[in-house]
Amino acid sequence: MDTDEFIAATMKRVAASAAPRQPATVAPTARRHWFAPLAVVTGVVAVIVAAAGVISSQRSGPEPIAPAPATTSPSTTGCRVDYSPQPLPQWARAGFTPPTQPMPYVLGDHGDIAAILWDPHHPLVAPPAVDKSNKILWVARVGAAEGPLLIRATSANTGRTVTRTVGGAPGPSIIDLPSAGCWSFELSWGSHRDHLMLGYAAR
């Protein structure tokens, strides 16, 4: 082989070695490099979608159920015309035998006075009944000897206001009112104040 043939053959080998080849392992490697990131992205998208679902369900779920209101006390039951007997407060039991006997009563909002009634069913009626009186025994926790007891009663139905006075201090009384319904009693005796609601049944 002369010099020119040797140079030509060498150039062919160099050119052949520089040409790009596609070995059998290239394609799988390229696919691995492509699908691996795709799997990661797919996993991230799945997590985001799942999290969005949880947040959506939390936002669209039912509102928390509010706790049930506490049972009202005798002083805040509003316009009752029937009064369930129950033991009186200890400071209101003087003269009752036995002291723990249940009585129908309403306690003032501040707990300073009790209106003791004498019949659990319609003890107070309007207009006044012929066969029974609208009797209320007022017993004060404080200032029991101070008075007189002044009553300012306002009808929740009509807004009409009337006044009544009880003796020289809180005690036994007959309180007639002009109409049936719910009445708001503003009470004052000496330097003390309290409030309660009494319902008068229609006769």
### Query
Is Phe96 linked to Leu107 within one hydrophobic cluster, defined over Ile, Leu, Val, Met, Phe, Trp and Tyr using a side-chain heavy-atom separation of less than 4.5 Å?
yes
### Query
side chain to side chain donor-acceptor pair (under 3.5 Å) between Thr154 and Ser184: does it pass, once the steps are laid out?
CA-CA 5 Å; Thr154 302; Ser184 172; 5.6 Å; no
### Task
Would you indicate whether the side-chain heavy atoms of Pro89 and Tyr105 approach each other to under 4.5 Å?
yes
### Task
Could you check Trp183 against Ile175 for side-chain contact (heavy atoms from CB on, under 4.5 Å), going step by step and ending with a plain yes or no?
CA-CA 12 Å; Trp183 287 82; Ile175 306 297; over 6 Å; no
### Message
Keeping Asn134 on the side-chain end and Val125 on the backbone end, is there a donor-acceptor pair under 3.5 Å?
### Response
yes
### Message
For a quick test of reading the model, state the closest non-hydrogen atom pair linking Arg203 to Pro128 and the distance between them.
### Response
NE-O, 3.1 Å
### Message
With side-chain contact (heavy atoms from CB on, under 4.5 Å) as the criterion, how do Thr165 and Leu149 come out once you've worked through the C-alpha distance, each side chain's angles and the decisive distance to 0.1 Å?
### Response
CA-CA 6 Å; Thr165 302; Leu149 173 64; over 6 Å; no
### Query
Between the side chains of His121 and Asp82, does any donor sit under 3.5 Å from an acceptor?
yes
### Message
Using the rule side chain to side chain contact (heavy atoms under 4.5 Å, CB included), only one of Pro120, Pro85, Ser84 pairs with Pro102; which is it?
### Response
Pro85
### Message
Any side-chain to backbone donor/acceptor pair from Asn157 onto Gly181? Under 3.5 Å, distance only.
### Response
no
### Task
Identify the two heavy atoms, one from Gly108 and one from Asp194, that lie closest to each other, and give their separation to 0.1 Å.
C-OD1, 3.4 Å
### Task
Kindly give the heavy-atom pair with the smallest separation between Ala126 and Ala180, and that separation in Å.
CB-N, 3.5 Å
### Query
If every non-hydrogen atom of Trp138 is compared with every non-hydrogen atom of Val166, which pair is closest and at what distance?
NE1-CG2, 4.0 Å
### Query
Which pair of non-hydrogen atoms, one from Gly143 and one from Trp189, has the smallest distance, and what is that distance?
O-CD1, 3.2 Å
### Summary
Rounded to the nearest 0.5 Å, the CG atom of Leu117 sits from the NE2 atom of His122 at a distance of 12.5 Å
### Query
Can you tell me how far CE of Met103 sits from CG of Leu137, rounded to the nearest 0.5 angstrom?
8.0 Å
### Query
Within a strict 4.5 Å, meaning less than it, do heavy atoms of the Ser179 and Tyr200 side chains meet?
no
### Task
May I ask you to test the Leu198-Val106 pair for a side-chain heavy-atom distance under 4.5 Å?
yes
### Query
Is there a side-chain contact between Leu88 and Gln101, using heavy atoms and a 4.5 Å cut-off?
no
### Task
Mind checking the NE2-CZ spacing from His110 to Arg141? Nearest 0.5 Å is all I need.
11.0 Å
### Task
Before giving the answer on side chain to side chain donor-acceptor pair (under 3.5 Å), spell out for His195 and Asp109 the whole-Å C-alpha distance, their side-chain angles and the decisive distance to 0.1 Å.
CA-CA 6 Å; His195 169 271; Asp109 293 343; 2.7 Å; yes
### Task
Indicate yes or no for a side-chain donor-acceptor contact from Arg193 to the backbone of Leu187 under 3.5 Å, with no hydrogens or angles considered.
no
### Message
Could you report the tightest heavy-atom contact between Trp91 and Ile113, atom names first, then the distance?
### Response
CH2-C, 3.9 Å
### Query
Are Ser191 and Glu146 close enough that some pair of their side-chain heavy atoms sits under 4.5 Å apart?
yes
### Message
One thing to verify: whether Asp119 and Lys132 come together as a salt bridge, which I'm taking to mean a side-chain N less than 4.0 angstrom from a carboxylate O.
### Response
yes
### Query
Is Arg93 close to Pro87 at the side-chain level, that is, under 4.5 Å between some pair of heavy atoms?
yes
### Query
When rounded to the nearest 0.5 angstrom, what distance separates OG in Ser188 from CD1 in Ile151?
9.0 Å
### Message
Atom CZ of residue position Arg160 - does it have more than 12 heavy atoms of other residues, nucleotides or ligands inside 6.0 Å?
### Response
no
### Side-chain touch Lys135/Pro172, heavy atoms, less than 4.5 angstrom
no
### Query
Can you list the steps and then say if Leu177 with Leu124 is a side-chain contact (heavy atoms from CB on, under 4.5 Å)?
CA-CA 9 Å; Leu177 293 180; Leu124 307 171; over 6 Å; no
### Task
Give the intermediate values and the outcome of side-chain contact (heavy atoms from CB on, under 4.5 Å) for residues Arg152 and Phe185.
CA-CA 6 Å; Arg152 180 181 174 87; Phe185 279 61; over 6 Å; no
### Query
Stepwise, does the salt bridge (charged side-chain N to carboxylate O under 4.0 Å, His left out) test hold for Asp176 with Arg164?
CA-CA 9 Å; Asp176 294 333; Arg164 301 288 187 266; over 6 Å; no
